[in-house]
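Because only heavy atoms are used, hydrogens play no part in the values below, and waters and symmetry mates are left out as well, while side chains stay in.
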Amino acid sequence: MRTPGTICRGLVVAGALVLAAAGPGYAYTSPSKSTSGDSDGSGLLAAGVHITYPSGKHEEAGSRPMGSSNVTWSPPPCWIGPIGDPKTFKANILKQVADTNVPGQANYALEAMNELQRHYEEGYTWDGGGEGYKDFNLDKQGKGQFWGPISNPDMGNDPRTMDCNGTLPFWVDNGKTPPPGTPNVITVEMLSRLAYANTRVPGVTVVTSPAQTQTVNLPTWVRLTQNYSTVRVRAYVDLGGGAQLWAETKAVPQPVEIDPGESDATRYPASGLCPVSADGSVGKAYSGNPQATPPCGMTYRRSTVGSAPYPLRVTVHWKVSWTGSGGAGGGLPDGVVTNDPVPQVTVREIQAVNR
């Protein structure tokens, strides 16, 4: 007779093995986005989470993943979500059981996997383990899905991705979510964080006038080559029966922060925050009028003669909010994207300049 410790150890092994059995969502690569606007079958889509781009994908040259202003922020490392209909789930479980039956495998692991198969195939259950299933619920094909632990594919080997692995897969009817109190079940708030983590925005390419060396006490005009507009990203889970659980983020560009790298420099505007125009542009090229003030730029007051060039850092901030199923919604940390590489500005003392 197996001792309680052996049973427990076997079920832990079985639980770990069934995670791999449950489908491709347990051995992920980073999401790969297709031109259709949805994930193409790897990454999050394999994990049962669809990502779409209502405002466009912003995958043009120079686009960047949006960073977070909150350095401690992260997307959910794992969740409980749909992992397969009865036919898919059965095929994956049986394959994993067969793959486990190899020479040298520990007896308790083989016994645990056998019991696990019987749990879904013959209705076998353990004390306090809940009801089992008959033939993987094949008679309910098209009426529901098995739900189970899913690790976030974007978080690699982060140990937190294993935090949801204490739950064996269980059945949920179409259009439903697991009973209240079930731990780690995916929520609209989690989906909003997955949408946030998959947001791409235009990069930051800085053009100055003069183009090369700047001059003390003469304005430097700054413009960005990208245009900025609202970016929307939607993440959703298919609950079956035409129902979805969804969240959509909206990232709105905010005034662009210019840091000339020299504390005595005069900034334009004085706040150092350049507005985003209605057409999405930031800054303008030199107007040709030496008396004009640039809408975005600075005037250096000290030269770099005998010292290092000034780093010109430019940061685009994004105000991010979300809405979701059932009228849910809220805020998320501001997004940020900075210029990389950072231009190094040389400033001379002479007054003559050719623009």
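Checking side-chain atoms of Lys134 against main-chain N and O of Gly123 turns up no donor-acceptor pair under 3.5 Å. Not one N or O on the side chain of Arg223 forms a donor-acceptor pair closer than 3.5 Å with the backbone of Thr208.
Heavy-atom neighbours of Asn157 CG from other residues, nucleotides or ligands within 6.0 Å: at or below the threshold of 12.
Each of Phe146, Tyr133, Trp147 was compared with Trp171 under the ring-ring contact (aromatic ring centres under 6.0 Å, His included) criterion, and only Phe146 meets it. The side-chain contact (heavy atoms from CB on, under 4.5 Å) test with Trp318 is passed by exactly one of Asp334, Thr249, Val252, Val231: Val231. The residue from Val336, Leu273, Val314 that alone fulfils the side-chain contact (heavy atoms from CB on, under 4.5 Å) condition with Glu257 is Leu273.
Residues Tyr300 and Thr266 have side chains that never bring a donor and an acceptor to within less than 3.5 angstrom of each other. Side-chain N/O atoms of Arg301 and Asn217 include a donor and acceptor closer than 3.5 Å. At a cut-off of 3.5 Å, with distance as the only test, no side-chain donor of Thr161 or Asp158 sits close to an acceptor on the other residue. Gln145 and Asn174 share no side-chain donor-acceptor pair at under 3.5 Å. Remark: the Gln226 side chain and the Thr205 side chain contain an N/O donor-acceptor pair separated by less than 3.5 Å. Side-chain N/O atoms of Ser303 and Glu349 include a donor and acceptor closer than 3.5 Å. One side chain, Asn70 or Thr72, offers a donor N or O that lies under 3.5 Å from an acceptor on the other.
Rounding to the nearest 0.5 Å places SG of Cys274 at 12.0 Å from OH of Tyr268. In this structure, NZ in Lys176 is found 14.0 Å from CG in Leu245, a value given to the nearest 0.5 Å. Atom CZ in Arg232 sits 6.5 Å away from atom CD in Glu248 (nearest 0.5 Å). Annotation: the span from Gln244 atom CD to Arg234 atom CZ amounts to 7.0 Å, rounded to 0.5 Å. Once rounded to the nearest 0.5 Å, the distance linking CZ of Arg118 with CG of Asn114 reads 6.0 Å. Interatomic distance, NZ of Lys87 versus CG of Asn92, reported as 14.0 Å (0.5 Å rounding).
Between Arg313 and Pro311, the shortest heavy-atom distance links the atoms NH1-CG, 3.4 Å. Across every non-hydrogen atom of Pro149 and Asn165, the tightest pair is CB-OD1, 3.6 Å. Across Thr304 and Ala308, no two heavy atoms sit closer than the pair CG2-O, 3.7 Å. Residues Gln212 and Gln214 approach most closely at O-NE2, 2.8 Å, considering heavy atoms. Nearest approach of Val201 to Thr199, heavy atoms of both residues: CG1-CG2, 4.0 Å. Nearest heavy atoms, Tyr196 versus Pro333: OH-O, 2.9 Å.
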Full working for ring-ring contact (aromatic ring centres under 6.0 Å, His included) between His119 and Trp126: CA-CA 9 Å; His119 177 66; Trp126 307 272; 5.0 Å; yes

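The shortest side-chain heavy-atom distance between Val345 and Pro309 does not fall under the 4.5 Å cut-off. Using a 4.5 Å heavy-atom cutoff, the side chains of Leu44 and Asn198 are in contact. At least one side-chain heavy atom of Met298 sits under 4.5 Å from a side-chain heavy atom of Leu312. By the 4.5 Å heavy-atom criterion applied to side chains, Val204 and Val256 are not counted as neighbours.
Side-chain heavy atoms closer than 4.5 Å link hydrophobic residues (I, L, V, M, F, W, Y) into clusters, and following such links, possibly through other members, connects Tyr124 to Tyr120. Both Leu191 and Trp73 are part of a single hydrophobic cluster, where members link through side-chain heavy atoms under 4.5 Å apart. Each of Leu110 and Leu94 belongs to its own hydrophobic cluster when Ile, Leu, Val, Met, Phe, Trp and Tyr are linked at side-chain heavy-atom distances under 4.5 angstrom. When the side chains of ILVMFWY residues are joined at heavy-atom separations under 4.5 Å, either directly or via intervening members, Met66 and Met155 end up in two distinct hydrophobic clusters. Cluster annotation: Val206 and Val337 are assigned to the same hydrophobic cluster (Ile/Leu/Val/Met/Phe/Trp/Tyr, side-chain heavy-atom contacts under 4.5 Å, transitive).
For the pair Lys140 and Asp85, the salt-bridge criterion is not met [side-chain N within less than 4.0 Å of a carboxylate O].
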